[in-house]
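The block underneath contains the structure these notes are about, expressed in structure tokens.
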There are 2 protein chains.
Amino acid sequence: MSRRAVQSRIARTAESLFVAKGFEETTVDEIAAAVGMSQRSFFRYFASKDEVVLDSLARLGEDMAERLTERPRDEPEWDSLRRSFDPIVERYTDPGHREHDAALQRIVECSPRLFAAYLGRLDRLQRTLADRLVARAADRTGCEPDALLLRATVGGAFACLHATMLHAVADPEAFARCLDRTMAALRPAAA
Amino acid sequence: MSRRAVQSRIARTAESLFVAKGFEETTVDEIAAAVGMSQRSFFRYFASKDEVVLDSLARLGEDMAERLTERPRDEPEWDSLRRSFDPIVERYTDPGHREHDAALQRIVECSPRLFAAYLGRLDRLQRTLADRLVARAADRTGCEPDALLLRATVGGAFACLHATMLHAVADPEAFARCLDRTMAALRPAAA
DNA sequence: GCAATGATTGACAGTCGCTGACACTTACGG
DNA sequence: CCGTAAGTGTCAGCGACTGTCAATCATTGC
């Protein structure tokens with residue numbers, strides 16, 4: 001059984017426990033027992049209890065970073081960022097994932113500790129995307145781009161995404177429309 | 001001795017230890033011993049080890065929220081938000097606080113766990129400010145304002161602030177100038 | 001001046017997340 | 001058949017944090 005498959009099995013078991021009892025109230029001993037392994041082995045597959053939940057987000061982040069690199073060099077940064085959010089939009093509209101992802105989002109939002117860890121991941125992702133935009137701009141213009149401004153631009157786009165995600169829990173259908181509207185309203189004049 | 005004074009004494013002692021050894025490497029047993037109290041009493045003054053560092057930020061957040069409520073109702077939200085950031089700008093330029101705050105910022109940024117908790121606080125502060133802007137807009141226009149857009153606007157402004165803070169560690173003098181420049185560039189057209 | 005009262009504290013035990021060390025078992029290649 | 005590598009369980013331990021209880025200390029009312 002591959003490592004990935006075991007991780008997936010642990011994650012599925014853990015998430016059902018989290019939904020049933022809450023994240024903080026679920027012990028990793030309980031998770032390990034439910035999966036049928038020792039606590040020690042649990043930590044061989046996940047570095048922390050947080051990561052069980054945040055792991056799927058990490059993969060989504062990789063997708064987003066990949067989308068960004070696929071965008072044309074001379075596209076306005078704001079549009080490239082909007083396109084890099086497409087994987088999330090797709091997950092929200094895909095009925096196969098929507099229900100599961102909504103449950104995950106509820107788990108994250110209900111635990112301040114986990115939510116903070118989630119924000120930390122988001123921040124790291126923003127750094128990654130901003131770095132790529134800096135490299136892209138340097139490649140295109142040949143001179144040193146404004147890293148601060150690009151970092152803030154990425155932050156602004158993620159603010160739109162974050163606000164929309166918190167807003168659209170009730171109405172997943174409207175996600176893409178809300179995101180587009182918000183990003184249109186916050187679009188920087190220079191980009 | 002007042003509760004506040006004890007907290008301040010603990011915070012000062014802890015911060016010097018954090019600077020010397022790092023946040024993760026400093027035990028709350030060590031902090032308690034350095035202050036001259038039991039570990040149990042430490043947790044009577046601070047709910048967690050994180051809070052020792054993040055407490056001063058919480059007070060700064062209250063200042064910011066207060067500044068926002070003092071702004072005129074019909075001022076563009078973006079400008080009100082910029083003004084609510086003034087307490088931070090003042091702290092960066094005040095030579096009495098600058099050195100200490102820079103040390104605190106370094107501590108926070110060096111510990112991913114602490115940094116995530118910091119982001120969590122920032123997010124809660126954004127919710128507070130956004131709620132006030134929603135109430136303000138409702139009070140002014142008489143009809144239901146666009147809460148999603150206001151939340152995203154606050155997020156965008158904080159993205160400018162966050163990016164500037166990470167950027168200006170090297171050059172605190174330029175903080176206000178960088179913040180103004182970034183916020184001018186990301187200013188929403190409609191606000 | 002004293003006793004009742006309430007707040008503050010220390011000591012202790014315990015939970016939970018997480019880590020290191022070691023022994024064991026299984027699978028695979030020589 | 002042996003050696004090696006990978007995966008696992010067990011145990012011991014650390015550090016953050018909590019509940020409990022008894023002792024202490026200051027305050028208030030008499």
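Every chain is numbered from 1 and lettered A, B, ... according to where its sequence line falls, protein lines coming before strand lines.
Phosphate contact (OP1/OP2 of C/dA11, side-chain N/O of B/Ser38, threshold under 4.0 Å): absent. Regarding contacts with the backbone of C/dT8, every side-chain N or O of B/Tyr45 stays at 4.0 angstrom or more from both OP1 and OP2.
In the hydrophobic clustering of ILVMFWY residues, with side-chain heavy atoms under 4.5 Å counting as a link, B/Tyr118 and B/Leu166 come out apart.
Minimum atom distance to the side chain of B/Met37 is reached by C/dG10, of the listed C/dG17, D/dG9, C/dG10. Comparing D/dT20, D/dT10, C/dG17 against the side chain of A/Arg44 picks out D/dT10 as the nearest. For B/Ser41, whose side chain is taken as the heavy atoms from C-beta onward, the closest listed nucleotide among C/dT9, D/dC17, C/dT19 is C/dT9.
Residue A/Thr27 is classed as a sugar-phosphate contact, given heavy-atom separations below 4.0 Å to backbone atoms only.
For A/Glu77 and A/Thr153, the side-chain atoms include no donor-acceptor pair closer than 3.5 Å. Remark: the B/Arg12 side chain and the B/Ser8 side chain contain an N/O donor-acceptor pair separated by less than 3.5 Å.
A straight line from CZ of B/Phe23 to P of D/dG15 spans 14 Å, rounded to a whole angstrom. What separates CG of A/Leu114 from C1' of C/dG17 is a distance of 14 Å, to the nearest Å. Between the C1' atom of C/dG10 and the CZ atom of B/Phe43 lies a distance of 15 Å, rounded to the nearest Å. Rounded to whole Å, atom P of C/dA11 lies 17 Å from atom CZ of B/Phe42. Spacing between atom CD1 of B/Ile31 and atom C1' of D/dC17 amounts to 13 Å, rounded to whole angstrom units. When the P atom of C/dC16 is taken as reference, atom CD of A/Glu30 falls 8 Å away, rounded to whole Å. The CZ-P distance, from A/Phe46 to C/dC18, rounds to 13 Å in whole Å. Atoms CG (A/Asp29) and C1' (C/dT19) sit 14 Å apart, rounded to a whole Å.
The base of D/dG7 is not paired with the side chain of A/Arg40 by any donor and acceptor separated by under 3.5 Å. Donor-acceptor pairing under 3.5 Å, judged by distance alone, is absent between the side chain of A/Arg3 and the base of D/dG7.
Between A/Arg151 and the choices A/Asp131, A/Asp146, A/Asp123, the salt bridge (Lys or Arg N to Asp or Glu O under 4.0 Å) rule is met once, by A/Asp123. B/Phe85 pairs with exactly one of B/Tyr92, B/Phe175, B/Phe158 by the ring-ring contact (aromatic ring centres under 6.0 Å, His included) rule, that one being B/Phe158.
Taking the nucleotide of DNA chain C with the nearest heavy atom to each of B/Val6 and B/Gln39, the more 5' of the two is matched to B/Val6.
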